[in-house]
Each structure stands twice: as structure tokens, then as C-alpha cells.
Amino acid sequence: MISARLKIAIYLLAALFPLAILEVLCAAALRLRQGEWLYTKLPNHNFMLFEPHPQWVGVPRKNAAVTVRGILYLHNSQGFRGDDVSAVKTKKRIICIGGSTTYGMGTGNHQTWPYYLDSLLSEEHEVLNFGIPGHSTAEHKKLLPDVIRDYSPDIIILQTGLNDLRCMNVKNLSSDYANFHQPTLYASFGFCPQQRLPRSGLITAGWIALRKLKLISCCPFHQAVFTGTVSDSVDKRVVEIFRHNLDTLIRQCTSRNIPVILLPNILSPDALAKNDYRWWVPYLTVNGIISALDTLNAAMQARADGNGVFYFNIRENWSASDFYDASHLNAQGNLKLARAAAVLFSEVKR
């Protein structure tokens with residue numbers, strides 16, 4: 001005679017077996033759709049570091065302290081990396097505007113290039129890091145006037161371009177990137193509820209089904225439909241948008257007699273070749289990404305006039321050991337960049 005406990009175990013197995021089959025089938029379907037297994041996908045902790053903003057999509061959370069893959073990210077009470085800034089300005093204030101390469105993704109607070117630059121310049125200067133991961137020139141244009149008003153900078157450093165080039169070869173791209181780049185930022189910041197679901201194929205597939213039936217709301221990323229053509233070609237539309245936005249950023253500064261330093265971004269061709277970066281730049285090949293960044297850096301260099309607008313042409317021998325990944329420098333690389341920039345600061349007249 002079968003004991004009561006054994007009967008319960010059999011009933012449980014009978015009930016769980018179909019669920020296990022459904023889990024495997026749903027996970028396999030998601031693997032075909034997304035190109036990777038749900039169980040191996042790294043969790044996105046950015047929602048703990050950043051919060052939604054009506055104009056800039058996302059901004060750093062104030063007083064955040066989050067460790068991600070062994071790296072401690074700290075935000076001050078004003079919402080950026082570094083120490084709190086006094087309301088009374090006593091030094092020449094240099095403000096850095098950019099994306100994740102300025103913010104210092106992949107490095108601690110004391111390993112970013114703005115931090116190193118602050119330590120290398122004279123005591124009469126202070127360097128503030130207003131880099132926000134994912135931000136392009138479209139977001140910089142909205143952020144910069146508030147930063148100028150609230151922090152009265154004496155010099156602005158712009159390190160931009162990486163998040164503009166990712167828009168290349170997108171079909172019917174709008175001039176403000178609102179139909180591609182901005183929706184993808186919601187996913188980058190981890191603002192989509194689906195990203196915080198348990199790692200279950202059944203739960204994720206069920207969530208997607210409910211979203212498709214419009215029974216639950218979804219974030220702008222999952223509402224958008226993106227199309228484009230993968231190519232080596234540099235998209236001239238994006239280059240022109242970038243130039244227009246760059247001109248606007250420069251005017252926002254020079255109209256207030258604030259000198260502007262244009263700082264190029266740097267890539268690791270080795271890391272690009274070894275990894276799949278289609279999640280970041282879906283419609284450019286590896287060669288296309290390199291060519292596109294060269295083009296945007298050249299556009300910045302052409303805009304510099306040496307009289308209020310300066311381009312810091314960083315001529316360093318970069319190697320794979322300087323990079324955290326394909327587009328972000330590690331502590332060693334950030335120090336190298338800061339040292340080169342500190343030498344060039346003598347060119348800036350104030």
C-alpha cells in the first residue's frame with residue numbers, strides 16, 4: 001500500500017512536470033527571440049543607481065551607494081559622482097558633461113578621468129563629474145542649461161559622440177532621436193518592469209503575453225518598433241544631427257563666455273571584435289562603429305577654433321589593457337586620459 005506521503009509526492013511531481021515542460025519550452029522560445037538564454041543574462045542593477053526624469057529619461061539617484069560586479073558606485077546628495085559641491089564657489093569650476101565614459105562606468109569614484117583630472121590640476125581648480133550613462137547630445141542639450149545655472153562653471157568639458165553613433169542607420173530616425181535612442185534608454189537604465197521579473201521562462205513569457213494583449217502597461221522600450229539596415233556606412237543624417245546639437249551646446253556656453261573643451265571618445269578595436277555589441281549599436285558593423293566614432297571626433301575637432309572652443313587631441317598609445325570593455329576605459333586608461341588632458345590645459349585661456 002502506498003503511504004500518504006508518497007501519494008502527496010507523486011501528486012506534486014505530476015503537477016510540477018507539466019510546469020517544468022512549459023518552463024523549458026518558454027525559455028527556448030525566448031532564446032530564439034532574444035539570442036541568449038534568460039538564465040545567463042546578467043541582471044540590470046542600473047535602476048538602483050538611476051531614477052526616471054521627465055526630460056532626460058534618467059538621472060543618477062541622490063545619495064546612491066550600489067555595488068555592481070565588485071565596483072562601488074557612489075552618488076552625492078546633489079546626484080552626481082564626487083563630493084558635495086559648496087554653494088559658495090571658491091575655485092575655478094570645471095564641469096564635465098558626457099555619457100558613461102565620463103561618468104566612469106566600470107570604475108570606482110576615485111578612478112574616473114574627471115577625478116584624476118581634479119587631482120592633477122592646480123589647487124585653484126575643481127572638476128565636477130556630470131556624466132550620465134546613455135546620454136547623447138540630445139540629452140546634453142537639455143541638461144547643460146540647468147548645470148550652468150545651478151553650478152556657474154568657468155570651463156565646460158564635453159565628451160560626447162558614443163551615444164549618437166548608436167543611432168546610425170536607424171530607419172526614419174527623428175532629429176531628436178526620440179523614436180530610437182530615448183526609448184532604448186528606458187531599458188539601459190533598468191526602468192522596464194520586465195527586467196526585474198524572476199529568471200523564469202514561464203513568468204517572462206506570461207508577462208510578454210499580457211503586454212501584447214494590453215492587459216498591463218509597458219515601458220517605452222517595449223512599445224517601440226526599431227528597424228534599420230546593418231552597414232559599414234557612416235550615416236550622414238546622424239553626423240548632421242550631431243553637428244547641430246554640438247553647435248547648440250557650444251552656443252549655450254560661449255554666449256555666457258564659458259570656454260568649451262571638446263574631448264574625444266576612444267574605442268578598443270580588440271574588444272569590439274571579440275564581443276557582440278549589437279545590443280548597443282544594432283545597425284553598424286565593427287568597422288562601421290570605428291569609422292563612425294572617427295567621423296564624430298573629427299566633427300568636434302573641426303568645430304574647435306582655439307578661441308573659446310578647444311579640441312583636446314589625445315595622442316596616446318592605447319592598448320587593450322587600458323579598457324574595461326570596448327568603449328569604457330579602466331582606472332589605468334582614465335589616468336592616462338586625465339594626464340594627457342592636464343598637459344593640454346595650458347592652451348585654454350580664461
Side-chain angles (χ1 to χ4, degrees), residues 53 55-57 93-103 114 128-170 172-182 185 233-267 281 284 289 291-314 341 344-345 347-350:
H53 189 279
Q55 289 181 294
W56 313 330
V57 183
R93 184 166 289 171
I94 301 165
I95 286 182
C96 305
I97 302 290
S100 56
T101 52
T102 303
Y103 173 86
L128 310 185
N129 184 351
F130 279 86
I132 301 179
H135 276 200
S136 69
T137 53
E139 290 75 39
H140 300 335
K141 287 194 306 179
K142 301 171 186 177
L143 171 70
L144 185 56
D146 286 4
V147 171
I148 291 174
R149 180 196 64 215
D150 295 341
Y151 293 93
S152 303
D154 296 290
I155 297 173
I156 294 285
I157 299 179
L158 288 173
Q159 187 185 38
T160 191
L162 272 177
N163 292 313
D164 288 76
L165 72 79
R166 67 185 302 268
C167 300
M168 290 193 177
N169 301 323
V170 172
N172 299 321
L173 180 70
S174 61
S175 61
D176 60 356
Y177 303 153
N179 62 341
F180 173 72
H181 178 62
Q182 289 172 19
L185 285 181
S233 300
V234 175
D235 191 336
K236 293 181 180 179
R237 299 170 307 162
V238 175
V239 177
E240 287 308 309
I241 293 169
F242 176 78
R243 285 174 176 155
H244 173 77
N245 289 347
L246 186 63
D247 284 341
T248 300
L249 288 163
I250 289 171
R251 283 196 302 271
Q252 288 173 346
C253 299
T254 56
S255 64
R256 297 170 175 84
N257 197 33
I258 303 171
V260 181
I261 295 170
L262 304 175
L263 191 66
N265 274 291
I266 303 144
L267 291 171
V281 187
L284 276 176
I289 293 172
S291 297
L293 185 63
D294 288 343
T295 300
L296 297 185
N297 283 342
M300 287 197 292
Q301 187 169 15
R303 184 60 181 79
D305 58 16
N307 182 24
V309 184
F310 304 86
Y311 180 79
F312 278 8
N313 193 3
I314 307 297
L344 293 170
F345 246 87
E347 299 177 8
V348 181
K349 310 299 180 184
R350 176 64 176 165

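This is a predicted model, so every value here is computed, not measured.
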(request) Could you tell me which residues satisfy side-chain hydrogen bond (donor to acceptor under 3.5 Å, both in side chains) with T102, sequence neighbours excluded, listed by chain and number? (result) Q159
(message) Please find the pair of heavy atoms, one from N257 and one from P259, that lie closest to each other, and give the distance.
(response) O-CD, 3.6 Å
(message) Checking side chain to side chain contact (heavy atoms under 4.5 Å, CB included) between I157 and each of L263, V260, L262, which is the one that passes?
(response) L263
(message) Regarding E139 and K142, does a basic nitrogen lie under 4.0 Å from an acidic carboxylate oxygen?
(response) no
(request) Sequence neighbours left out, what passes ring pair (Phe, Tyr, Trp, His ring centres under 6.0 Å) with F242? Give chain and number order. (result) none
(request) Over all heavy atoms of both residues, which pair between N163 and G99 is shortest? Give the atoms and the distance, please. (result) ND2-CA, 4.2 Å
(message) To the nearest 0.5 Å, what is the distance between CZ on R243 and CD1 on I250?
(response) 12.5 Å
(message) Please enumerate all residues that pass side-chain hydrogen bond (donor to acceptor under 3.5 Å, both in side chains) together with S233, with sequence neighbours excluded.
(response) S231
(message) Side chains of L296 and M300, heavy atoms from C-beta outward: is any pair under 4.5 Å?
(response) no
(message) According to side-chain hydrogen bond (donor to acceptor under 3.5 Å, both in side chains), who are the partners of T160, at least two apart in sequence or on a separate chain?
(response) H140
(request) For R237, enumerate each residue passing the salt bridge (charged side-chain N to carboxylate O under 4.0 Å, His left out) test, keeping only those at least two apart in sequence or located in another chain. (result) D235
(request) Using the side-chain contact (heavy atoms from CB on, under 4.5 Å) rule, take L162 and R166 through it: C-alpha gap first, then chi angles, then the decisive distance, then the call. (result) CA-CA 7 Å; L162 272 177; R166 67 185 302 268; over 6 Å; no
(request) Could you tell me which residues satisfy side-chain contact (heavy atoms from CB on, under 4.5 Å) with S291, sequence neighbours excluded, listed by chain and number? (result) V234
(request) Kindly say whether G134 contributes a backbone atom to a donor-acceptor pair with the side chain of H181 at under 3.5 angstrom? (result) yes
(message) Does anything in residues 293-311 form a side-chain hydrogen bond (donor to acceptor under 3.5 Å, both in side chains)? List the pairs, not counting sequence neighbours.
(response) D247-R303
(message) For a 4.5 angstrom cut-off between non-hydrogen side-chain atoms, does P264 reach N313?
(response) no
(message) Please check: side-chain N/O of D164 versus main-chain N/O of T137, any donor-acceptor pairing under 3.5 Å?
(response) yes
(message) In the structure I gave you, are the side-chain heavy atoms of F310 and L344 within less than 4.5 Å of one another anywhere?
(response) no
(request) Any chance you could measure L128, atom CG, to I97, atom CD1, to the nearest 0.5 Å? (result) 9.5 Å
(message) V239 vs M168, test: side-chain contact (heavy atoms from CB on, under 4.5 Å). Steps then yes/no.
(response) CA-CA 9 Å; V239 177; M168 290 193 177; 4.0 Å; yes
(request) Apply ring pair (Phe, Tyr, Trp, His ring centres under 6.0 Å) to H53 and list each qualifying residue two or more places apart in sequence or on a separate chain. (result) W56
(message) Can you list everything that forms a ring pair (Phe, Tyr, Trp, His ring centres under 6.0 Å) with Y177? Sequence neighbours excluded, please.
(response) none
(message) As an exercise, state the distance from CD1 of I95 to CD1 of I258, rounded to the nearest 0.5 Å.
(response) 8.0 Å
(message) Using the side-chain hydrogen bond (donor to acceptor under 3.5 Å, both in side chains) criterion, which residues pair with K141? Sequence neighbours excluded.
(response) N245
(request) Rounded to the nearest 0.5 Å, what's the gap from NE2 on H135 to OH on Y103? Could you check? (result) 12.0 Å
(message) Looking at every heavy atom in both I241 and S175, which two are closest together, and how far apart are they?
(response) CG2-O, 3.4 Å
(request) Please report the C-alpha distance between D146 and F130 in whole Å, then the side-chain angles of each, then the deciding distance to 0.1 Å, and finally whether the side-chain contact (heavy atoms from CB on, under 4.5 Å) criterion is met. (result) CA-CA 11 Å; D146 286 4; F130 279 86; over 6 Å; no
(request) Using side-chain contact (heavy atoms from CB on, under 4.5 Å) as the criterion, list what pairs up with N179, not counting sequence neighbours. (result) L173, S174
(message) Working to the nearest 0.5 angstrom, can you tell me the gap between S136 OG and Q182 CD?
(response) 7.0 Å
(message) Can you tell me how far apart CG (D154) and CZ (R256) are? Round to the nearest 0.5 Å.
(response) 14.0 Å
